[in-house]
Each structure stands twice: as structure tokens, then as C-alpha cells.
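Labels below follow one simple rule: chain letters A, B, ... track the order of the sequence lines, proteins then strands, and each chain is numbered from 1.
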4 protein chains.
Amino acid sequence: MGSTPQPRRGNTRQRIQDVALELFAEQGYEKTSLREISEKLDVTKAALYYHFKTKEDILISIFEDLNRPVEELIAWGKEQPRTLETKKELLIRYSDALAAAAPLFRFMQENQATVRDLSIGETIKGRVVTLVDLIKEPDAPLTDQVRCFTALFTLHAGMFALKDFDGDPEDKRKAVLEVAFDLITQAHGPDPAS
Amino acid sequence: MGSTPQPRRGNTRQRIQDVALELFAEQGYEKTSLREISEKLDVTKAALYYHFKTKEDILISIFEDLNRPVEELIAWGKEQPRTLETKKELLIRYSDALAAAAPLFRFMQENQATVRDLSIGETIKGRVVTLVDLIKEPDAPLTDQVRCFTALFTLHAGMFALKDFDGDPEDKRKAVLEVAFDLITQAHGPDPAS
Amino acid sequence: MGSTPQPRRGNTRQRIQDVALELFAEQGYEKTSLREISEKLDVTKAALYYHFKTKEDILISIFEDLNRPVEELIAWGKEQPRTLETKKELLIRYSDALAAAAPLFRFMQENQATVRDLSIGETIKGRVVTLVDLIKEPDAPLTDQVRCFTALFTLHAGMFALKDFDGDPEDKRKAVLEVAFDLITQAHGPDPAS
Amino acid sequence: MGSTPQPRRGNTRQRIQDVALELFAEQGYEKTSLREISEKLDVTKAALYYHFKTKEDILISIFEDLNRPVEELIAWGKEQPRTLETKKELLIRYSDALAAAAPLFRFMQENQATVRDLSIGETIKGRVVTLVDLIKEPDAPLTDQVRCFTALFTLHAGMFALKDFDGDPEDKRKAVLEVAFDLITQAHGPDPAS
DNA sequence: TATGAATGAGGTTTCATTCAT
DNA sequence: CATGAATGAAACCTCATTCAT
């Protein structure tokens with residue numbers, strides 16, 4: 001446990017992102033100061049500015065890095081046939097993506113007001129719409145659109161809001177997915193084969 | 001008499017709450033400063049402190065005032081038999097309550113990180129749990145609990161997130177309620193009479 | 001000499017302007033920090049911001065206050081016949097105005113680069129042009145225009161640059177005015193009466 | 001070979017000076033940061049420190065390089081007889097020197113407050129005095145001293161302040177020189193031969 | 001019922017500068 | 001000949017809050 005001032009490693013940028021996300025998710029964006037981040041890293045505030053242009057920039061970079069899987073998921077989804085199987089697969093993969101970047105998505109859930117007028121706000125809004133589009137049938141009635149939207153939202157909610165319920169986390173995740181499946185299955189309409 | 005916009009004496013407290021809520025909902029709690037509020041009211045910052053002890057106090061007072069209907073709803077719910085009809089009525093009334101105090105609930109949705117460590121945070125969390133308890137069957141399996149939770153959440157989401165979808169607002173509200181009904185009906189289980 | 005924390009007098013705004021101008025003139029605008037100003041006044045930085053919106057605002061307010069005499073002089077000049085007598089009177093009055101607000105004009109001389117892109121920059125440039133217009137004949141040849149411009153400029157230079165020459169200040173001022181008179185007399189052209 | 005804009009090795013020092021002077025003249029010394037300079041050169045800040053010890057050092061080096069002609073002019077002037085012809089020649093050469101290093105002199109005019117307490121401040125002040133000494137008669141009355149000083153100052157002013165007047169630049173320069181000639185001729189006193 | 005004046009803490013950001021590589 | 005990474009100081013500015021009047 002070398003306590004001597006450790007050599008400047010090349011991973012400072014990454015460490016800033018890690019600590020920042022941790023604090024952003026824990027306390028909120030505005031309540032997290034750059035002083036706090038830098039102290040936790042044992043670095044000066046100015047060092048943050050060597051790696052990122054602004055505070056917002058830190059957040060954006062985190063978002064861009066962690067969000068890639070979702071972008072890829074959407075790209076994948078666009079090339080699949082719009083079958084019920086595909087939709088289910090989409091939900092599963094989306095659920096995985098959320099779990100993989102849980103702190104980021106928790107942060108986004110709990111800081112919508114902040115995220116909204118950051119430059120990433122529009123990106124996010126657009127993404128939700130796109131995802132719903134991939135899941136709903138082209139001319140689905142409003143009720144079914146709501147079902148699709150709710151299915152997605154349930155996945156999100158499952159991440160942070162269900163913490164207060166008891167039960168095994170893995171069980172919960174399955175339960176959430178099951179409900180989401182139900183919703184999109186209903187929205188998908190009767191199997192044309194029947 | 002006197003058609004000039006009178007300074008309306010006596011209702012300053014109310015006006016502060018109105019303007020504050022408007023700004024909180026629009027920009028978020030932390031990004032709204034007391035200066036901004038007081039300027040919009042054409043009053044000094046110090047005046048705010050005559051009516052409220054702190055900034056947080058303004059928010060709490062708003063919450064307490066607007067939240068009463070929900071408290072009453074819960075009280076009402078606790079005295080009803082746990083029938084499907086009651087549950088539906090609960091959802092309808094809750095939906096009405098949300099609509100009646102839309103800006104407050106929008107604010108709470110979009111500022112969870114902030115609300116969480118304000119003194120009202122615990123209150124809110126407890127309330128959601130209580131509501132779910134009123135809707136779900138005592139020993140409902142996890143999946144059904146999720147359904148109940150999702151039903152409630154859908155009502156919330158319907159308020160702000162569906163703004164980006166097109167369609168008549170009234171239609172949307174109906175669609176949202178319909179989906180919520182479906183969810184709790186499923187969770188309610190088969191009619192024991194059958 | 002009460003050394004106890006003196007009561008908040010109503011002249012803080014004025015005192016800020018005085019101290020600020022003194023420091024701006026002495027060290028330059030950018031090299032004078034708000035910390036310095038506030039310390040010299042035994043007041044917090046925040047107090048400065050109670051009275052002025054920004055650092056630039058302090059300067060602008062000083063300029064607007066001290067510059068009024070010059071504006072009035074120009075207004076006066078515009079209503080006079082363009083005789084040689086008028087022109088001389090203009091120079092005398094201008095010289096007086098400069099002397100009355102010496103620190104401000106010294107500041108402006110020595111911080112042109114700064115003043116240029118402050119919001120008062122344009123105002124100042126326009127003012128010089130207007131003054132020259134009042135002194136030169138409508139269709140004066142270039143040489144005479146330069147003479148008029150130089151006459152004005154000599155007054156300015158007389159304030160700060162001549163400090164390094166020896167001689168009684170009052171004598172210097174007279175000498176400067178005499179040279180300026182010569183210049184505009186030459187530029188005024190031969191007396192039409194002759 | 002290779003027509004692509006080559007990194008021109010070896011002349012970095014010169015390029016730094018060029019860019020720095022350009023920015024100093026345009027924006028002022030304090031408002032120009034080393035970051036800005038280095039970015040415009042597509043070089044790191046640290047590179048500047050390889051070539052110059054400090055920011056001030058950059059300015060000093062520019063001054064020393066560009067100022068040599070003026071030093072030489074003064075040296076030349078000191079060896080000439082103090083005739084009117086000599087004085088005129090001095091003005092012409094000085095005017096040429098100013099034109100040749102216009103950005104530097106513009107910078108010095110507009111950043112007097114800054115230049116004053118840089119180490120070159122004294123040098124400059126001394127130089128003006130020396131120049132006036134070369135032009136004025138040993139025991140000239142104050143008025144004539146002012147004339148000489150004004151003559152020099154007019155040359156300076158002609159460079160930057162006359163930009164706002166219309167007219168061909170070359171014409172302006174001639175006009176400025178003519179006025180300066182007039183001033184020193186007057187100050188030179190009656191030709192003793194007459 | 002309010003205001004005018006001020007504070008103390010803290011925010012984000014920028015700067016000139018250093019130094020090992 | 002130059003860079004990458006970092007620092008310490010200080011800049012401007014904003015905020016919630018206080019209190020005498």
C-alpha cells in the first residue's frame with residue numbers, strides 16, 4: 001500500500017469519470033462540486049480541467065462512453081424483422097445494457113431536470129422515442145403505444161425504484177422482464193397465423 | 001374597483017409558492033435561485049425570508065399543501081374493502097390528484113435526486129410503498145407486485161413523458177388508465193366467484 | 001477615530017467607485033482584482049456585487065458619472081456658431097473637463113486596449129470624432145483635420161505624459177493650451193474679413 | 001519536395017513572437033493567454049517555455065528585436081548637428097520606424113498601463129524624453145517643448161487613431177508629417193541667418 | 001409587512017508555470 | 001525540440017442567509 005505520492009498514471013481521465021459518476025449518481029449533478037471530485041481523487045481541481053473542458057463535459061464524456069451499447073442495440077434492432085421474438089430480445093438486451101451501466105442510468109432517472117437542459121438532453125429523448133418505435137407496431141392504437149412505453153419504463157424503474165421492495169435482485173429482474181414481456185405481447189396483437 | 005394590477009396584499013405567501021413551484025418545475029430546484037423567484041415577484045429576497053424560514057421550507061410548504069389530496073386518498077383507501085373496484089377507483093382518484101397538482105409531480109419526477117435528501121424524501125418513498133400495498137394482494141407473487149407498481153408508475157409517466165407523443169391529451173389519459181387497469185386486474189387474480 | 005465596525009453608511013456605492021477608479025488608473029483594469037478593491041474598502045467581495053452587477057459594470061458606472069460634463073460640452077458646442085472663438089472656448093472647457101476627471105481620463109489613455117472592447121468603447125470613439133467635427137471646418141483639407149485632431153490629443157497627452165517634464169503644472173497646462181490654440185487657429189483658415 | 005505546409009523547423013521562436021505580437025496588439029497583453037498563443041501555433045504551452053522563460057519574456061524579446069531601429073535612430077541623431085534639416089530627417093525616419101513595426105507600437109499605445117510596470121517601461125519612457133531632447137532647442141521655452149513633444153505624439157497618433165478618418169493612408173501619413181514639421185519648425189525658432 | 005445592505009462560503013473556471021520524459 | 005500531466009494561486013461571480021430599520 002504505497003502511501004508515497006503515486007506516479008502520474010495515464011488513467012487519470014478514466015478515474016475522473018469513475019469518481020464523478022459515482023458522486024453524480026449518489027448526490028446529484030449540481031450538488032457534486034469539482035472540489036469534491038478532485039479531493040476524492042487526490043488531485044487538484046485544475047487537473048480536472050486539463051482532462052475536461054467543463055463540468056458538463058465530464059458528464060457528457062461519461063454518457064458517450066457508457067451509452068455506446070445502447071446505440072449499438074438500436075442499430076441492431078433496426079435491422080431485425082419486427083417479430084415478437086425480436087421485441088423480446090430487444091427488451092432483454094436493453095435490460096442487460098441498463099444493468100451494465102446502472103449508475104449512469106440511475107443518475108439519468110434521478111436527475112432528469114438537470115439532464116434535460118444539458119446538451120445530451122435531446123439525444124436521450126430521441127432515443128426513448130426510437131426504442132418505442134422499434135417495439136410498437138407501426139399503426140398501433142394509443143393504448144398499445146402506452147403499453148410499449150410502459151414496458152420500457154418498467155425496466156428502468158426496476159433498477160432503482162424496486163430497491164425498496166424485498167426479494168432477491170435476480171428474481172426481481174426476472175419479474176420485471178416478465179411484466180414487460182406481457183405488455184409488449186399484448187401490444188403485438190394476435191398471432192397472424194391463428 | 002381599481003383595475004390596475006393591484007399588489008394584492010396578504011396573498012404574498014401564496015404567490016411565492018406559485019412562482020417557486022413554476023420555476024422549480026421548469027428549471028429544477030438547485031438551478032432556481034431565490035433571487036430569481038423574488039425578481040419574478042418584484043419583491044426582495046428578504047421578503048421571502050419573512051414568509052419562509054429557508055429555501056427548502058418553500059418547497060416543503062408547497063408539498064404539504066398540494067399533497068393533502070393524496071394523503072386523503074390513502075386514508076380513504078385504507079378503509080375500503082380490497083376489491084378490484086376499489087383498486088380501480090384508487091387509480092382513477094390518484095390520476096385525478098396527479099393532474100390537479102401536475103407541476104408538483106412533474107417536479108418530483110424530474111428532481112428525484114434532490115427530493116431524496118430533502119426532508120420530504122422519506123415521506124414520498126413511504127407513500128409509494130403504501131399505495132402499492134393498497135393495490136396489491138397481501139401475498140401477491142413478485143410479478144404481481146411489479147404489475148401494481150408499474151400501474152402506478154404508468155400514471156406518473158403519463159404526465160410528463162407522454163408529452164412527446166402525439167395524440168389528444170384526454171385520449172392519452174384514458175389510454176394510460178386503461179393500461180393501468182389491465183395491470184392491476186391481472187394482478188388481482190381470478191375472480192374468486194368464478 | 002472609531003475603530004469599531006462602522007455602521008453601514010449609505011455611500012458604499014460611491015466609495016466603491018472611488019477606490020475602483022483609483023486602482024484602475026494606478027494598475028490598470030485587468031490587474032486590479034475585485035478582491036483588492038473590497039479589501040481596501042474593508043468590505044466583502046459580495047458587497048461589490050450587491051451594488052454592481054459585474055466588474056465591467058463598476059467601470060461603466062464610473063464612466064457614465066464622470067463623463068457627463070463632456071456630453072454637456074458637446075451639446076453646448078453643437079449650438080454655437082463655428083467661430084474661432086467658439087473653438088477656443090471648446091478647448092478650454094474640454095481641458096477643464098479633463099482636469100476635473102483626471103484619473104478617469106488617465107485610465108482611458110493608458111488602457112485603450114481594455115476600453116476598446118468594453119461596451120463603452122464605441123461611445124468613446126464616437127465622442128472623439130464628434131469633437132473633431134466641432135472644431136474643424138466642414139471641408140477642411142486633411143492636414144487641417146490632423147491639426148484639429150492633434151490639438152485635442154495634445155490636451156490629453158498634456159495630462160499624463162507631461163508628468164515627466166519639469167515645470168510648474170499650471171504653466172504646463174497653459175503651454176499645452178497655447179499650442180492647441182495655434183493648431184486650431186491655423187486650421188480655421190484666414191479670417192474671411194481680411 | 002513536399003508542398004504540404006511543412007512544420008518549418010527551427011523558426012518556432014520567431015513564429016511565437018509573430019503570433020504573440022499579433023494577439024497582444026489585437027486583444028491586449030493581459031487578455032491574451034499563453035494557451036491562446038500556443039493553440040494558434042498548434043504547439044503546447046510547454047513549448048513556449050522551451051523558447052521563453054516567461055510570458056513577459058516573450059514581450060520583451062519582441063520589443064528588443066523590433067525596437068533596434070529606433071535605438072539606431074537615436075544614436076544617429078545624437079551625432080548630427082541640431083539643424084532644422086536634421087530634425088525633419090529625424091521625424092521622417094521615426095515615422096518610417098513606426099510604420100515598419102506598426103503592431104508593436106500600436107500595442108504600446110494601447111497598453112500603456114501594462115507596459116508601464118513591465119521591465120521595459122522605463123526604457124520606453126526614457127526614449128521619448130531622449131527623442132524630444134534631440135528635437136527641441138536646449139533652452140526652449142515650455143511652449144516649444146510641448147510643440148516638439150506633440151510633433152512626436154502626432155506621429156504615433158497618426159498610426160492608430162486616424163484609422164477612423166477616411167482618406168488614403170499614404171495621404172494621411174503625409175499630412176501627419178506636415179503638421180509635425182510645422183510644429184518643430186515653429187519650435188526651432190527663427191533662422192539665425194535672417 | 002417588507003427592504004437595503006451586507007456576509008461567508010463556495011461555485012466554476014483560467015492562468016502562468018513546472019518538470020519528468 | 002517539444003509534450004503530457006499537473007499544480008497553486010487567483011480570478012469573477014452566485015448563493016442562501018441575516019439583521020437592523
Side-chain angles (χ1 to χ4, degrees), chain A residues 5 7-13 16 30-38 41-58, chain B residues 7 9-13 16 30-38 41-58, chain C residues 5 7-13 16 30-38 41-58, chain D residues 7 9-13 16 30-38 41-58:
Chain A
R8 290 114 188 239
R9 297 195 254 106
N11 60 344
T12 302
R13 194 188 143 95
I16 292 173
E30 350 259 351
K31 286 224 286 278
T32 302
S33 69
L34 297 185
R35 180 182 52 70
E36 218 175 342
I37 297 176
S38 67
L41 283 167
D42 207 37
V43 165
T44 50
K45 271 180 290 172
L48 305 187
Y49 279 91
Y50 175 75
H51 292 281
F52 300 93
K53 266 211 318 277
T54 69
K55 185 186 180 185
E56 183 175 343
D57 210 44
I58 299 180
Chain B
R9 308 220 300 115
N11 61 347
T12 301
R13 194 188 144 94
I16 292 173
E30 350 260 348
K31 287 222 289 274
T32 301
S33 69
L34 296 187
R35 179 179 54 67
E36 217 175 343
I37 296 176
S38 65
L41 282 166
D42 209 35
V43 162
T44 31
K45 262 185 295 177
L48 305 186
Y49 279 89
Y50 177 81
H51 292 281
F52 300 94
K53 256 199 345 260
T54 70
K55 184 186 180 184
E56 184 174 343
D57 211 44
I58 299 180
Chain C
R8 293 113 187 237
R9 298 195 252 105
N11 59 346
T12 302
R13 194 189 144 96
I16 293 173
E30 349 259 351
K31 286 224 287 277
T32 302
S33 70
L34 296 186
R35 182 182 51 71
E36 217 175 344
I37 296 176
S38 67
L41 283 167
D42 206 36
V43 164
T44 50
K45 268 181 291 172
L48 304 187
Y49 280 92
Y50 174 74
H51 292 281
F52 300 94
K53 265 208 319 274
T54 69
K55 184 185 180 185
E56 182 175 344
D57 210 44
I58 300 181
Chain D
R9 307 223 298 115
N11 61 349
T12 301
R13 193 188 144 94
I16 292 173
E30 350 260 349
K31 285 220 290 272
T32 301
S33 70
L34 295 187
R35 179 180 54 68
E36 216 176 341
I37 296 175
S38 66
L41 282 166
D42 209 36
V43 162
T44 31
K45 263 185 295 176
L48 305 186
Y49 280 89
Y50 177 80
H51 293 282
F52 299 94
K53 256 203 340 263
T54 71
K55 184 186 180 186
E56 184 174 343
D57 212 45
I58 300 181

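- With sequence neighbours left out, B/R13 forms a side-chain contact (heavy atoms from CB on, under 4.5 Å) with B/Q17, B/H51, B/F52, B/S61.
- At least one side-chain nitrogen or oxygen of B/T12 sits closer than 4.0 Å to the OP1 or OP2 atom of E/dA2.
- Where D/L48 and A/H51 each meet DNA chain F at their nearest nucleotide, the meeting point lying more 5' is that of D/L48.
- Using a 4.5 Å heavy-atom cutoff, the side chains of B/V43 and B/I16 are not in contact.
- In this structure, C/F52 places its CZ atom 11 Å from P of E/dA6, rounding to the nearest Å.
- The CD1-P distance, from B/I37 to F/dT14, rounds to 17 Å in whole Å.
- For B/S38, the side-chain contact (heavy atoms from CB on, under 4.5 Å) criterion is met by B/K45, B/L48, not counting sequence neighbours.
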Check your understanding: When Watson-Crick pairs (N1 to N3 and N6-O4 or O6-N4) and G-U wobble pairs (N1-O2 and O6-N3) count only below 3.5 Å on both distances, what is the dot-bracket string of DNA chain F, with | for other-strand pairs?
Key -> .||||||||||||||||||||

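- Rounding to the nearest 0.5 Å places CD1 of C/I37 at 5.0 Å from CD1 of C/I58.
- Across every non-hydrogen atom of A/K55 and A/T32, the tightest pair is NZ-O, 3.0 Å.
- Between A/D42 and D/V43, it is D/V43 whose nearest contact on DNA chain F lies nearer the 5' terminus.
- The CG atom of C/N11 sits 14 Å away from the C1' atom of E/dG4 (whole-angstrom rounding).
- Qualifying side-chain contact (heavy atoms from CB on, under 4.5 Å) partners for C/K53, counting only residues two or more places apart in sequence or in other chains: C/D57.
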Short N/O separations, protein against nucleotides 13-17 of chain E, under 3.5 angstrom:
unit_1	atom_1	unit_2	atom_2	d
E/dT13	OP2	A/Y49	OH	2.4
E/dT13	OP2	A/K55	N	2.9
E/dT13	O5'	A/Y49	OH	3.0
E/dC15	OP2	D/R35	NE	3.2
E/dC15	OP2	D/R35	NH2	3.2
E/dA16	OP1	D/K55	NZ	2.8
E/dA16	OP2	D/L34	N	2.9
E/dT17	OP2	D/Y49	OH	2.8
E/dT17	OP2	D/K55	N	2.9
E/dT17	O5'	D/Y49	OH	3.2
E/dT17	O4	D/K45	NZ	3.4

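- For B/Y50, no side-chain nitrogen or oxygen approaches OP1 or OP2 of E/dA2 to under 4.0 Å.
- In terms of modelled atom types and a separation under 3.5 Å, the side chain of A/K31 and the main chain of B/E30 share no donor-acceptor contact.
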